[in-house]
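What follows is a single structure, written as structure tokens, with notes after it.
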Number of protein chains: 2
Amino acid sequence: MARSAQKTRASASGNAITADLVAVLVAVSDGVPDIMTIAGGSALPSGPFEFTHRSLQTALRAWVEAQTGHPLGYVEQLYTFADRGRSGDSKAPHSISISYLGLTREDKVGEGFEAHWHGWYEYFPWEDHRAGAPAFLAKAVAPKLRAWAKSAPSPTLQRERWQRCAITFGLDDRDWNEELVLQRYELLYEAGLIPEAGRDNGRDAPIVPGKPMTADHRRILATGIARLRAKIKYRPVVFELMPSEFTLLQLQRSVEALAGRLVHKQNFRRLIEQQELVEETGAIATDTVGRPAKLFRFRHAVLAERAVAGTKLPLSRT
Amino acid sequence: MARSAQKTRASASGNAITADLVAVLVAVSDGVPDIMTIAGGSALPSGPFEFTHRSLQTALRAWVEAQTGHPLGYVEQLYTFADRGRSGDSKAPHSISISYLGLTREDKVGEGFEAHWHGWYEYFPWEDHRAGAPAFLAKAVAPKLRAWAKSAPSPTLQRERWQRCAITFGLDDRDWNEELVLQRYELLYEAGLIPEAGRDNGRDAPIVPGKPMTADHRRILATGIARLRAKIKYRPVVFELMPSEFTLLQLQRSVEALAGRLVHKQNFRRLIEQQELVEETGAIATDTVGRPAKLFRFRHAVLAERAVAGTKLPLSRT
DNA sequence: CATCTTATGCTCAAGGAGAGTATAAATGGC
DNA sequence: GCCATTTATACTCTCCTTGAGCATAAGATG
């Protein structure tokens with residue numbers, strides 16, 4: 001007992017570090033998924049964790065509200081990062097980043113805050129496949145990835161690298177998997193195709209379009225997008241992003257905005273309705289082109305069940 | 001810009017805290033899912049994080065090997081906890097717990113280590129439904145939960161509480177959902193039915209069977225079990241727990257041990273085989289009752305694909 | 001050889017998912 | 001008012017998956 005138990009208790013001694021909380025705060029407006037940013041769009045809202053707060057979430061909420069004037073609604077933890085060499089500024093004191101995903105209805109940012117919504121595809125243009133795969137993927141990215149794969153030391157490694165590229169980016173006739181946001185980002189990083197990679201290892205030439213961010217914030221954002229894309233398929237979280245009343249098409253557009261791909265309209269409605277997630281308000285959409293649509297509201301009553309039992313969204317092509 | 005940017009940068013200043021790494025290390029032997037423990041089975045392997053390590057995972061591996069003599073294989077991060085009032089000893093310096101799930105083939109613990117494998121159902125007896133729902137659930141737990149629900153201030157709250165109980169524990173003819181491990185633990189905690197709750201709020205009478213653990217280690221364990229139960233259904237992680245050669249029944253028993261419920265044998269085989277996750281070794285199981293079974297090995301070749309494309313396991317009744 | 005136990009092959013029915021057709025209800029231009 | 005256009009909504013059809021059960025094979029044991 002002696003040895004291990006003592007080591008366990010050693011946690012009470014020194015070894016102080018600092019921990020930052022980082023928020024990926026998402027909203028959707030008119031088919032654009034937005035994230036809250038500070039510092040001119042180059043960083044996510046964040047701040048140090050202190051034990052004056054009761055919990056991590058409490059601390060996060062306080063920080064985000066202070067920085068953006070925007071209250072947090074739905075929140076879930078994403079991941080805790082601490083790798084060295086990813087900080088951008090390697091002389092800075094080491095710190096852990098505890099990241100969270102938050103969902104809100106979009107709102108104007110209050111006066112006096114240097115916080116802005118930015119479309120997340122500004123940071124990940126290769127992730128938007130609603131109008132088909134972006135042309136620059138095949139034209140520019142794929143060849144660079146192939147070159148990177150070829151640059152591996154052995155033929156076996158070359159093949160493995162290329163297989164990885166093909167799977168994550170849906171090349172060689174594979175399907176595009178919209179959930180692999182983080183894997184794609186990490187791959188581009190490894191291949192040195194984004195500015196963040198150069199910062200850390202001295203390489204140059206950002207080759208792939210897309211706005212970079214401070215430190216590893218873009219990686220955290222990728223983690224958040226991936227989580228959200230996975231989650232909307234089996235939990236009714238989209239509704240956190242919707243106004244209180246909406247048409248089924250608006251709901252569909254929001255899902256498509258998040259997923260970065262289109263959905264079969266009729267099947268989408270079938271699924272939503274048969275799961276009894278929504279109910280008609282009785283009202284009908286005004287200000288509309290074409291036949292006006294019924295307005296729906298989310299049935300909060302099902303939350304207890306569905307939050308646990310699950311939900312399904314159809315996510316296919318066309 | 002001034003205001004928010006300064007706040008962000010404040011992270012570089014003081015606010016030091018400590019962070020512990022905690023491991024849920026899982027193995028399976030003969031239909032028993034085991035976890036590695038220290039301190040006589042009352043704690044999970046853990047230790048402080050220091051920045052001398054390159055990453056969180058590196059630090060975790062070092063700690064676990066030092067405490068248990070057991071090297072870590074597959075590892076994934078679980079969750080970062082920091083709620084106050086869950087520490088068991090509220091005068092201890094506050095600390096963050098970063099928890100990980102590790103999978104390994106079971107092995108003897110080396111000499112000189114106070115580490116032991118314990119079946120995880122010792123800590124969560126209500127989670128094992130392989131022989132049907134444990135009798136004490138309906139006989140003892142359900143009435144206590146109903147009493148707790150009734151003790152809510154308003155009729156609405158009473159109904160909500162009971163609905164929550166019924167959903168998470170599969171009462172009132174609902175299906176048992178084996179993934180809700182954490183929710184069930186939290187519910188029992190809230191209802192004051194487990195010793196850990198008494199430690200924190202002065203209540204008494206542990207009423208539900210199951211071994212408690214130090215601090216919030218049992219909560220972390222619940223998180224790990226829940227994650228693993230969810231994950232085996234769509235990622236080929238079970239194989240991390242299997243010996244290099246195994247029969248399909250052994251594989252099935254391992255899945256059942258983890259899921260805590262039985263599986264339809266023929267359908268299980270159908271799924272495993274059609275996904276090409278395994279291949280015959282050519283050998284045949286000896287030391288067997290009944291017709292001898294073919295031995296299989298995991299096809300590592302599919303890892304790259306399946307790690308991403310997903311896998312399916314049938315988890316039903318009977 | 002009868003019986004027990006496990007392995008393995010096959011069939012069937014119900015439900016779900018992907019995709020397409022058809023019709024309804026608005027708007028704007030002429 | 002009529003037509004083209006746009007969106008909403010109702011159905012249908014087919015294929016695949018999943019849950020479940022039946023039947024047979026191949027060993028061990030007494």
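What you see below is based on every heavy atom in this structure, not just the backbone, and it leaves out hydrogens, waters and symmetry mates.
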- Could you state the CG-P distance from A:Leu271 to C:dA19, rounded to the nearest angstrom? 14 Å

- Note on the structure: Rounded to whole Å, CZ of B:Phe268 lies from P of C:dA7 at a distance of 12 Å

- With A:His129 via ring-ring contact (aromatic ring centres under 6.0 Å, His included) - residues at least two apart: A:Trp176

- Going by modelled atom types, is there a donor-acceptor pair between the base of C:dG9 and the side chain of B:Arg270 at under 3.5 Å? no

- Residues B:Arg174 and B:Asp172 bridged, charged N to O under 4.0 Å: no

- Message: Working to the nearest 0.5 angstrom, can you tell me the gap between B:Asp34 CG and B:Leu25 CG?
- Response: 10.0 Å

- Query: So what does B:Leu248 touch, heavy atoms closer than 4.0 Å: a base, only the sugar-phosphate, or nothing?
  - Reply: nothing

- Taking CG from B:Leu262 and P from C:dT6, how many angstroms apart are they, rounded to a whole number? 13 Å

- Per-nt protein contacts along nucleotides 22-29 of chain D (heavy atom under 4.0 Å; B base, S backbone sugar-phosphate only, - none) come out as B--BBB--

- In whole angstroms, the gap separating P of C:dA7 from CD of B:Glu280 amounts to 14 Å

- Task: Send over the distance from A:Asp175 CG to C:dG18 P, rounded to a whole Å.
- Result: 12 Å

- Task: Can you label the angle between the B:His118 ring and the B:Tyr123 ring as parallel, tilted or perpendicular, going by 30° and 60°?
- Result: perpendicular

- What residues, two or more places apart in sequence or in another chain, satisfy side chain to side chain donor-acceptor pair (under 3.5 Å) together with A:Glu76? A:Tyr74, A:Arg227, A:Lys231

- Query: Counting any heavy atom closer than 4.0 Å, what does B:Lys265 reach on the DNA or RNA strands: base, sugar-phosphate only, or nothing?
  - Reply: base

- Find the distance B:Phe296:CZ to C:dT8:C1' and express it as a whole number of Å. 10 Å

